[in-house]
Amino acid sequence: MATLQNIRSKGPLLVIVIGLALFAFIAGDAWKVMQPHQAHDVGEVNGDALSAQEYQNLVEEYTEVVKLMRGVNALNDEQTNQVRDEVWRSYVNNKLIEKEAKALGLTVSTAEIQDILKAGVHPLLRQTPFQNPQTGNFDKDMLNKFLVEYAKMNESQMPAQYAEQYNNMYKYWSFIQKTLIQSRLAEKYQALVAKALLSNPVEAQDAFDARVNQYNVLLAGIPYSSVVDSTIVVKESELKELYNKKKEQFKQYQETRDIKYIDVQVTASPEDRAAIQKEVDEATAQLATTTDDYTSFIRSVGSDAPYVDLFYNKTAFPSDVVARLDSASVGAVYGPYYNGADNTINSFKIVAKAAAADSVEFRQIQVYAEDALKTKTLADSIYNAIKGGANFVELAKKYGQTGDSNWLTAAQYEGAQIDGDNLKFISAINNTGVNELVNLPMGQANVILQVTNKKAVKDKYKVAVVKREVEFSKETYNRAYNDFSQFIAANPSVEKMVANAEEAGYRLLDRADLNSSEHGIGGVRGTKEALRWTFDKAKPGEVSGLYECGESDHMMVVGLVSIKPEGYRSLKSVQDQLRAEIVKDKKAEKIMADMKSANATSFDQYKSMTNAVSDSLKMVTFAAPAYVSALRSSEPLVGAYASVAEMNKLSTPIKGNAGVFVLQVYGKDKLNETFDAKTEEATLANMHARFASRLMNDLYLKANVKDTRFLFF
């Protein structure tokens, strides 16, 4: 139990670490490739296909790991989508590494993994529960002890819940081990690439100078915004010329879709609101007379805020209740009132108020035997022995446990769904006095519990809350459904949908470059079928049927505008971007021509030109682009010019990002740092290593990756 809790307490950090390392994960035989181009394949990398069944197995495996780390029984749709994406990314990236490593002869030996386990410093190992309590580091001996215990485990002689925990722990470790192996292979490959990008003393000196040499610069310029766009003419031939010059920048590696869609969210009618208000009024009246079993009562009235018979901090309750808590008295009912933040009608009753510890330290011995009678007998024996003066820790060790103390804080359980044995256990910890001993029956086991310390006493509350969302009725939904269905039937093409949506009271939305790897449309849940239609069946100009989606409160229709195939984007699709660039260049030419005709020879003359702006820039370096507030732009050429300019010499006009400007360096300085070639080279090596990681993108582009998961999931 303590081990499992240790995992859960480190869950968020562990999710981050595994998220970073997961790309190196291959789940054993699941990576074996089946025949390509079959209908059951969800994707392909370098011609190797991943079947839907293999992919689903990987998703289920990682789902169990995430559930264990987060201490939850299920994942919501968003979390499941995240898991699917992580598993797919891991498959793709690992396939890329696998191919390169094989060509280079890179492998990971058993001895290497043993050395990693022995060192115990790898980020993945640091987040496991196998930590030495004195050093806080990974302890290989603790891992080996667990593996031995697992191998000897007899599931028939222990409670099912403990057997399940041991099995989950073993699966968790197996996952970490696989991830560790593949992560190591990726590390070796990237280290090899990084070492190929060598630094040298000349580069080190240049990098040092670029950082420590600083300049003070005067700038005078004319922004492009001072030239009216309508005065600039862009020819079709100029667009084509620039397009051909930059064509490689417009290469599209995945097919996408441009769509128009209507998303209808159904809301409650005035009649629906009145009906819910009546129900809350009745529940509020009953709440005033209720004196016990608030848990059942709150459940019976359909409240969105369940009652838990524990004292909670004020902040654990809904924010609208917290804001009104000081205005209510114990035993009295407050409300009903409407809360717009969550669209609910509410009332509440402060059942009790007390000063209670926010943190409780306790230790425990879990007791279980072949049957309930033997468990009770053994628990009574241990309880009486401790009562008689026996050492708690020594007895715990006798039964294979540490007897160590742990802290339970209110934050660990407030806001969670607590009932049954969990409620019983937490209540016992909170209600037991310091140094008191409790023999607590818990399902198939008993727990000998002793509270050793309490601290942080605060005012706490038991509050019964009636919270009802103002929901639409079935009649309201059916009316909206029928109206929307009639609109779709009358407008079966994108052209008609565009022409008539506004008049019918619907808002038409646009989405460009929709990708099949997305999990829906418009951020609305449950729109995978609409996405599948868009990529698998739709033709340009067609309109889909009506999709019911969201939390059963949305309806959607999709119209396919165009298909953007893999390859080069058309001139038409990028012409606005190209036109903006040409306009900027022509404005620069015009401004430079005006500067030339003005015959300006001094900084003050440039500064006094029509529409000119000026600025004084300090501590400019070659290593970083200078931000010019007068132009509201970052201008890399300022540092480049300053690094080679003569003192107090005016530059010729320079075409920048936001305008044409002249520069004059009036001061130079140098940071008080001593050049150290080894330090500079080490810094450059780290920069090269980051660059090496970007090579993964090049490998991806060459691997002809196909992602057709949208057809299955």
Engineer: May I ask you to test the L378-Y399 pair for a side-chain heavy-atom distance under 4.5 Å?
Structural biologist: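 In short, these two side chains touch, coming nearer than 4.5 Å.
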Engineer: If you take all heavy atoms of I298 and A305, which pair is closest and at what distance?
Structural biologist: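 Scanning both residues, the minimum pair turns out to be CG2-O, 3.4 Å.
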Engineer: Taking all heavy atoms of K95 and all of V45, pick out the closest pair and write down the distance.
Structural biologist: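 Where K95 meets V45 most closely, the heavy atoms are CB-CG1, 3.9 Å.
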Engineer: Listing request: all side chain to side chain donor-acceptor pair (under 3.5 Å) pairs with a residue in residues 429-441, at least two apart in sequence or in separate chains.
Structural biologist: D380-N439, Y413-N430, N439-N446
Engineer: S174 and Q177: side chain to side chain donor-acceptor pair (under 3.5 Å), yes or no, with the steps?
Structural biologist: CA-CA 5 Å; S174 298; Q177 190 175 35; 5.4 Å; no
Engineer: Indicate yes or no for a side-chain donor-acceptor contact from S405 to the backbone of E361 under 3.5 Å, with no hydrogens or angles considered.
Structural biologist: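 Here the side-chain-to-backbone pair does not exist.
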Engineer: Spell out, as yes or no, whether a donor-acceptor pair under 3.5 Å connects the side chain of E394 to the backbone of N391.
Structural biologist: no
Engineer: Answer yes when E551 and R525 have at least one side-chain N-carboxylate O distance shorter than 4.0 Å, and no when they do not.
Structural biologist: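 Salt bridge flag = yes for R525 with E551.
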Engineer: Indicate whether the side chain of N313 and that of D358 have a donor and an acceptor atom separated by less than 3.5 Å.
Structural biologist: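 There is such a pair (donor and acceptor under 3.5 Å, judged by atom type) between the side chains of N313 and D358.
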Engineer: Is it the case that the side chains of D85 and H519 hold a donor-acceptor pair, with the cut-off being a distance below 3.5 Å and no angle test?
Structural biologist: yes
Engineer: With sequence neighbours left out, what residues match A101 under side chain to side chain contact (heavy atoms under 4.5 Å, CB included)?
Structural biologist: L106, L185
Engineer: Would you sort out whether M442 and Q366 count as a side-chain contact (heavy atoms from CB on, under 4.5 Å), showing the intermediate values?
Structural biologist: CA-CA 9 Å; M442 296 278 289; Q366 299 167 12; over 6 Å; no
Engineer: Between I448 and Q364, does a side-chain contact (heavy atoms from CB on, under 4.5 Å) hold up when you go through it step by step?
Structural biologist: CA-CA 5 Å; I448 308 301; Q364 61 178 321; over 6 Å; no
Engineer: Look at K467 together with D342 and state whether they make a salt bridge at an N to O cut-off of under 4.0 Å.
Structural biologist: yes
Engineer: Between CD1 of I176 and CD1 of I181, what distance do you get to the nearest 0.5 Å?
Structural biologist: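 One finds 12.0 Å between CD1 of I176 and CD1 of I181.
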Engineer: Could you give me the CA-CA distance, side-chain angles and deciding distance for Q53 and N57, then say whether side chain to side chain donor-acceptor pair (under 3.5 Å) is met?
Structural biologist: CA-CA 6 Å; Q53 186 57 56; N57 290 343; 2.9 Å; yes
Engineer: For residues T63 and E60, is any side-chain donor paired with an opposing acceptor at under 3.5 Å?
Structural biologist: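 No, E60 and T63 have no side-chain donor paired with an acceptor closer than 3.5 Å.
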Engineer: Tell me, yes or no, whether the heavy-atom count around K376 atom NZ, taken from other residues, nucleotides or ligands under 6.0 Å, exceeds 12.
Structural biologist: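 Counting neighbours around NZ of K376, 12 or fewer heavy atoms of other residues, nucleotides or ligands fall under 6.0 Å, so no.
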Engineer: Could you check whether K460 makes a cation-pi contact with Y312, meaning its NZ or CZ is under 6.0 Å from the centre of the six-membered ring and within 45° of the ring axis?
Structural biologist: no
Engineer: Find the distance between CZ (R532) and CZ (F710) and round it off to the nearest 0.5 Å.
Structural biologist: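 Separation between the atoms: 8.5 Å.
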Engineer: Is a side-chain N or O of S183 found less than 3.5 angstrom from the main chain of L180, in a donor-acceptor match?
Structural biologist: no
Engineer: Does NZ belonging to K99 count more than 12 external heavy atoms closer than 6.0 Å?
Structural biologist: no
Engineer: With sequence neighbours left out, what residues match D293 under side-chain hydrogen bond (donor to acceptor under 3.5 Å, both in side chains)?
Structural biologist: S296
Engineer: Could you tell me whether the side chain of S51 and the main chain of E54 form a donor-acceptor pair under 3.5 Å?
Structural biologist: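 Checked: pair present.
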Engineer: Could you grab the distance from atom CG of L68 to atom NZ of K171, nearest 0.5 Å is fine?
Structural biologist: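 Separation between the atoms: 10.5 Å.
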Engineer: Looking at L125, is its backbone amide N or carbonyl O close enough to the side chain of Q131 to form a donor-acceptor pair, meaning the two atoms are under 3.5 Å apart?
Structural biologist: yes
Engineer: Under 3.5 Å, which donor-acceptor pairs do the side chains of residues 420-427 form with other protein atoms, sequence neighbours left out?
Structural biologist:
{"from": "D421", "atom 1": "OD2", "to": "G443", "atom 2": "N", "distance (Å)": "3.4"}
{"from": "K424", "atom 1": "NZ", "to": "P441", "atom 2": "O", "distance (Å)": "2.6"}
{"from": "S427", "atom 1": "OG", "to": "L423", "atom 2": "O", "distance (Å)": "2.8"}

Engineer: Could you check whether any side-chain N or O of T179 sits under 3.5 Å from a backbone N or O of F175, counting only pairs where one atom can act as donor and the other as acceptor?
Structural biologist: yes
Engineer: Measure up the F138 and W173 rings against each other and bin them: parallel (under 30°), tilted (30 to 60°), perpendicular (over 60°).
Structural biologist: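 The rings of F138 and W173 lie parallel, inter-plane angle below 30°.
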Engineer: Report the distance from atom OH of Y383 to atom CD of Q450, rounding to the nearest 0.5 Å.
Structural biologist: 10.5 Å
Engineer: Could you tell me whether a side-chain N or O of D459 sits under 3.5 Å from a main-chain N or O of Y461, the two making a donor and an acceptor?
Structural biologist: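 Here the side-chain-to-backbone pair does not exist.
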Engineer: Listed by chain and number, what are the side chain to side chain contact (heavy atoms under 4.5 Å, CB included) partners of S359, not counting sequence neighbours?
Structural biologist: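 Partners of S359 under the side chain to side chain contact (heavy atoms under 4.5 Å, CB included) test: W407, T409, K455.
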Engineer: Has the side chain of T375 got a donor or acceptor atom that lies under 3.5 Å from a matching backbone atom of A445?
Structural biologist: no
Engineer: Please find the pair of heavy atoms, one from R709 and one from S517, that lie closest to each other, and give the distance.
Structural biologist: NH2-CB, 4.1 Å
Engineer: Check whether R363 reaches the backbone of D404 with its side chain - one donor and one acceptor, N or O, closer than 3.5 Å.
Structural biologist: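 Side chain of R363 to backbone of D404, a donor-acceptor pair under 3.5 Å: no, none is there.
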Engineer: Does a side-chain heavy-atom distance below 4.5 Å link N81 with R84?
Structural biologist: yes
Engineer: Evaluate side-chain contact (heavy atoms from CB on, under 4.5 Å) for W88 paired with V705, printing each intermediate quantity in order.
Structural biologist: CA-CA 11 Å; W88 172 249; V705 176; 4.0 Å; yes
Engineer: Could you tell me if the ring centre of F130 sits under 6.0 Å from that of F146?
Structural biologist: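 Yes, the ring of F130 comes within the 6.0 Å limit of the ring of F146, centre to centre.
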Engineer: Does K314 form a salt bridge (Lys or Arg N to Asp or Glu O under 4.0 Å) with E414? I'd like the steps, not just the answer.
Structural biologist: CA-CA 10 Å; K314 178 190 294 188; E414 288 180 346; over 6 Å; no
Engineer: Identify the heavy atoms of F392 and L437 that sit nearest to each other, and give their distance.
Structural biologist: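 In this case the closest contact between F392 and L437 is CE1-CD1, 4.1 Å.
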Engineer: Going by the ring-ring contact (aromatic ring centres under 6.0 Å, His included) test, name the single residue among Y166, Y172, Y170 that passes it with Y150.
Structural biologist: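 Checked Y166, Y172, Y170 against Y150; only one passes ring-ring contact (aromatic ring centres under 6.0 Å, His included): Y170.
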Engineer: The test is side-chain contact (heavy atoms from CB on, under 4.5 Å); show your working for V83 and V66 and say whether it passes.
Structural biologist: CA-CA 8 Å; V83 166; V66 173; 4.2 Å; yes
Engineer: Going by heavy atoms in the side chains, are N137 and V121 under 4.5 Å from each other?
Structural biologist: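 A side-chain contact under 4.5 Å is absent here.
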Engineer: Quick one: NE2 on H122 to OG1 on T128, what's the gap to the nearest 0.5 Å?
Structural biologist: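 Rounded to the nearest 0.5 Å, the NE2-OG1 separation comes to 12.0 Å.
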Engineer: Can you give me every donor-acceptor pair (side chain of residues 111-120, partner residue at least two apart or in another chain, under 3.5 Å) with its distance?
Structural biologist:
{"from": "E112", "atom 1": "OE1", "to": "R184", "atom 2": "NE", "distance (Å)": "3.2"}
{"from": "E112", "atom 1": "OE1", "to": "K188", "atom 2": "NZ", "distance (Å)": "3.3"}
{"from": "E112", "atom 1": "OE2", "to": "S109", "atom 2": "N", "distance (Å)": "3.1"}
{"from": "E112", "atom 1": "OE2", "to": "K188", "atom 2": "NZ", "distance (Å)": "3.1"}
{"from": "Q114", "atom 1": "OE1", "to": "K140", "atom 2": "NZ", "distance (Å)": "2.9"}

Engineer: Which atom names give the shortest non-hydrogen contact between V42 and A52, and what distance separates them?
Structural biologist: CG1-CA, 3.4 Å
Engineer: Where do S303 and V465 come nearest, in terms of heavy atoms and distance?
Structural biologist: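 Nearest heavy atoms, S303 then V465: OG-O, 2.7 Å.
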Engineer: Stepwise, does the side chain to side chain donor-acceptor pair (under 3.5 Å) test hold for E64 with N168?
Structural biologist: CA-CA 8 Å; E64 292 304 314; N168 288 339; 5.9 Å; no
Engineer: Got a donor-acceptor contact below 3.5 angstrom from the N515 side chain to the E518 backbone?
Structural biologist: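 Flag not set: sc N515 to bb E518 has no pair under 3.5 Å.
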